[in-house]
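These numbers come from a predicted model, not from an experiment.
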Amino acid sequence: MFPTEIVPEPTPPPKDPLDSGKTPSPLAQALDFEVDRVIPVVQGLAASTSATDTPFERLVGRMRHQGSFPSLSAAVINIQSAANSENQSVSELTNEVLKDVALTQRLLRLVNSANYAHPNRGTVSTVSRAVSLVGFDAVRNLALSLVLLEHMKDTRHAALVQDEFLRALMAGSVASGLCTLASESEEAFIGAMFQNLGRMLATFYFPGEAGEVRRLVASGTYESGEEGASIKVLGVSFEDFGVGVARLWSLPESIQRCMHRPLGLPPPRPPELPLERLRWAAATGNAVVDSLLLGGGGHLSMVAERYARCLNRAPKDIIMAATKGREKLTALAEALVIEPTPGSVARQLLLAPDAVASQAAEDPLAQLALRASPPVLPGMPGTQGVRRNGPEVLELLAAGVHEIAAVMSEPYQTNDVVRMVLETMFRALAFRRIVFCLRDGKADTLSGRFGLGEGCDVVAQAMKIDLKAQGDLFAAVCTKGVDTLITNATEARMATRLPTWYRKDVGAQSFLLLPLLARGKPFALIYADQDAPGGIGVDEQELALLRTLRNQAVAAFRLPN
């Protein structure tokens with residue numbers, strides 16, 4: 001257990017006068033949320049800071065000195081005021097967006113991206129058309145999100161701000177995908193995204209303090225994690241800081257409540273109140289992102305099990321929402337022309353295998369990256385072996401994921417989990433054989449250890465992957481961490497890259513490679529094969545579950561990230 005430090009309770013942000021009958025604070029009285037008074041009021045805050053001000057008020061005063069906060073506040077309030085008008089006027093919202101040329105361009109790029117585009121409607125070139133096609137709430141949410149990015153980019157810390165923006169965008173996408181009602185979907189998106197508002201603002205306006213918070217979180221000094229660390233450094237938690245600013249911006253009460261993550265364990269059934277359902281959907285979206293940053297599928301499976309019942313969803317639905325959210329984030333980052341720095345938080349989220357596959361033009365190995373394809377069915381030309389139909393494969397894979405997650409929630413043996421992973425893959429996809437390779441101590445070699453199926457012992461004994469070997473396909477796949485499917489190992493260009501031991505002792509004509517990495521370095525490999533060319537195929541859902549199983553194997557080793 002890490003040492004803990006007793007820290008003071010967070011000072012609450014200014015109360016919204018609409019929430020109680022008490023006399024509003026001087027700060028709330030000063031802010032009447034009229035658009036034309038936002039800038040002078042916030043300027044006044046900076047001038048009036050004193051020893052009696054709350055930590056929140058002092059932070060707002062400091063933000064004014066950074067230059068962009070008044071204009072950011074005005075932009076957010078203008079957009080929200082237009083969206084909150086009695087008739088939700090398309091013209092009012094359109095006019096507010098058009099005031100900012102950069103915001104307009106980015107919004108139209110998003111609407112024309114693959115996530116929103118429709119083959120029969122052509123290019124969308126006007127904001128008003130975007131509202132009619134995508135929806136009023138969706139455009140409002142995109143505008144509110146993008147205005148943060150536009151006003152918090154001109155700084156030497158822009159890369160960190162972009163990271164936080166994409167992290168929040170991913171959480172919003174996942175939360176939105178978990179809602180069944182369109183109205184709740186839009187609210188969950190903005191609620192999940194704005195749960196990260198305090199961290200985003202601190203990263204931009206107080207980079208030194210934000211860096212100290214990250215350092216304390218990484219050191220494990222506080223059992224409460226980021227909350228305790230941010231209170232220690234800023235005097236107020238990131239969450240309360242964000243909610244306080246949301247009040248200044250007069251964001252809807254429903255969004256402000258969503259920004260408060262619910263406490264305690266998720267309820268065993270969906271809450272009856274719509275607002276509570278939104279809070280849990282938003283919390284799930286952020287928990288999914290946190291789990292992916294912690295270490296992938298093993299953590300993600302536990303999150304899926306924990307939150308599934310309160311959302312009236314199956315755990316596999318949450319896993320699929322994470323996969324789709326990752327794919328959507330990659331497309332959105334491309335549309336927004338955002339390129340995260342190598343090793344950054346956002347890069348971890350964007351480097352989904354499908355995103356790696358998109359780099360095929362730059363990396364020849366990426367052309368072999370595993371991606372979804374139509375399922376291979378018995379009797380199809382050029383295939384052999386027994387291949388179950390799609391629903392049965394999904395059922396077997398999902399059952400394995402859930403069973404392994406349950407095992408890992410209690411004390412377990414690593415070998416037991418790895419064997420369960422291999423057995424699940426082997427049974428579901430009817431491989432001829434599957435073999436697990438592990439690194440030899442500190443040597444740069446992976447050796448076969450055990451497996452399942454025909455001749456697995458012989459193959460395991462033969463597998464010796466020299467990670468330093470030049471031109472070796474297995475070494476390149478493991479070193480780069482690219483999930484790879486070889487559909488025809490007899491092709492001339494492929495045969496030259498296969499190691500001698502493979503051509504001599506294995507010789508399968510189609511095979512699958514799933515590397516296991518820790519801190520970006522390979523420590524193990526899952527190999528599976530079929531006799532005939534084209535004998536392995538997986539669809540999108542099967543692919544997501546396969547990768548979840550592989551990541552559970554990674555998590556089973558309890559390696560540091």
Basic-acidic side-chain contact under 4.0 Å: Asp163, Arg199: no
Distance in Å, Leu473 CG paired with Phe511 CZ, rounded so as to fall on 0.5 Å steps: 5.5 Å
Any Leu166 side-chain heavy atom under 4.5 Å of Ile338 side chain: yes
Side chain to side chain contact (heavy atoms under 4.5 Å, CB included) between Thr445 and Leu467, intermediate numbers included: CA-CA 6 Å; Thr445 304; Leu467 297 175; over 6 Å; no
Salt-bridge contact Asp444-Lys468 (side-chain N to carboxylate O under 4.0 Å): yes
Donor-acceptor pair, side chain of Tyr307 and main chain of Pro315, under 3.5 angstrom: no
Sidechain-backbone polar pair: Gln530 side chain, Gln509 backbone, donor-acceptor under 3.5 Å: no
Sidechain N-carboxylate O distance under 4.0 Å for Arg215, Glu212: yes
Crowding at CD, Glu209 (>12 non-hydrogen neighbours, <6.0 Å): yes
Exam field: side chain Asn196 to backbone Ala192, donor-acceptor pair closer than 3.5 Å: yes
Short side-chain to backbone donor-acceptor contact, Thr484 and Val482, under 3.5 Å: yes
Considering all heavy atoms, the nearest Trp280-Cys310 contact: CB-SG, 4.0 Å
Pro515 vs Asp483 side-chain heavy atoms within contact, under 4.5 Å: yes
Leu311 backbone acceptor or donor facing Arg277 side chain under 3.5 Å: no
Asp440 and Ser447: side chain donor to acceptor below 3.5 Å: yes
Presence of salt bridge, Asp472 and Arg497, under 4.0 angstrom: no
From Glu239 atom CD to Met259 atom CE, the distance as rounded to the nearest 0.5 Å: 8.0 Å
Ile404 side, atom CD1; Met302 side, atom CE - distance, nearest 0.5 Å: 11.0 Å
Among Val401, Thr424, Leu396, Val393, side chain to side chain contact (heavy atoms under 4.5 Å, CB included) partner for Leu545: Val401
Short side-chain to backbone donor-acceptor contact, Thr479 and Ala476, under 3.5 Å: no
Centroid-centroid under 6.0 Å between Phe204 and Phe165 rings: no
Salt bridge Glu454-Arg432, side-chain N to carboxylate O under 4.0 Å: yes
Minimum side-chain heavy-atom gap Leu300-Leu292 below 4.5 Å: yes
Ala321 to Val174 - nearest heavy-atom pair and separation: O-CG2, 3.9 Å
Backbone of Ala532 reached by a side-chain donor or acceptor of Ser510 within 3.5 Å: yes
Side chain proximity check, Val289 to Leu349, heavy atoms < 4.5 angstrom: yes
Distance-only polar pair, side chains of Ser176 and Glu186, donor-acceptor under 3.5 Å: no
Ile526 backbone acceptor or donor facing Arg550 side chain under 3.5 Å: no
Donor-acceptor pair, side chain of Ser230 and main chain of Phe238, under 3.5 angstrom: yes
Distance (rounded to the nearest 0.5 Å) between Thr414 OG1 and Asp416 CG: 8.5 Å
Student check: side-chain heavy atoms of Arg449 and Met463 closer than 4.5 Å: no
Shortest non-hydrogen contact between Pro271 and Pro267, atoms and distance: CG-CG, 4.2 Å
Steps toward side chain to side chain contact (heavy atoms under 4.5 Å, CB included) verdict (Ile536, Thr487): CA-CA 7 Å; Ile536 302 173; Thr487 57; over 6 Å; no
Val435 and Phe450, any side-chain heavy atoms less than 4.5 Å apart: no
Pairing of Asp290 and Arg167 as salt bridge, 4.0 angstrom limit: yes
Nearest heavy-atom neighbours spanning Leu516 and Ala553: CD2-CB, 3.8 Å
Interatomic distance, Thr284 atom OG1 to Arg279 atom CZ [nearest 0.5 angstrom]: 12.0 Å
Donor-acceptor pair, side chain of Arg313 and main chain of Ile318, under 3.5 angstrom: no
Verdict with reasoning, Val554 to Leu517, per side chain to side chain contact (heavy atoms under 4.5 Å, CB included): CA-CA 7 Å; Val554 173; Leu517 278 66; over 6 Å; no
Pair Phe436 and Tyr527, ring centroids less than 6.0 Å apart: no
Heavy-atom closest pair, residues Ala322 and Met170: O-CE, 3.6 Å
Close side-chain approach of Arg309 to Pro266, heavy-atom, < 4.5 Å: no
Flag side-chain contact, heavy atom, 4.5 Å: Thr323 against Arg547: no
From Cys456 atom SG to Phe431 atom CZ, the distance as rounded to the nearest 0.5 Å: 14.0 Å
Worked check of side chain to side chain contact (heavy atoms under 4.5 Å, CB included) between Leu197 and Leu148: CA-CA 9 Å; Leu197 178 62; Leu148 296 176; 4.1 Å; yes
Distance-minimising heavy-atom pair for Arg109 and Ala335: CD-O, 2.9 Å
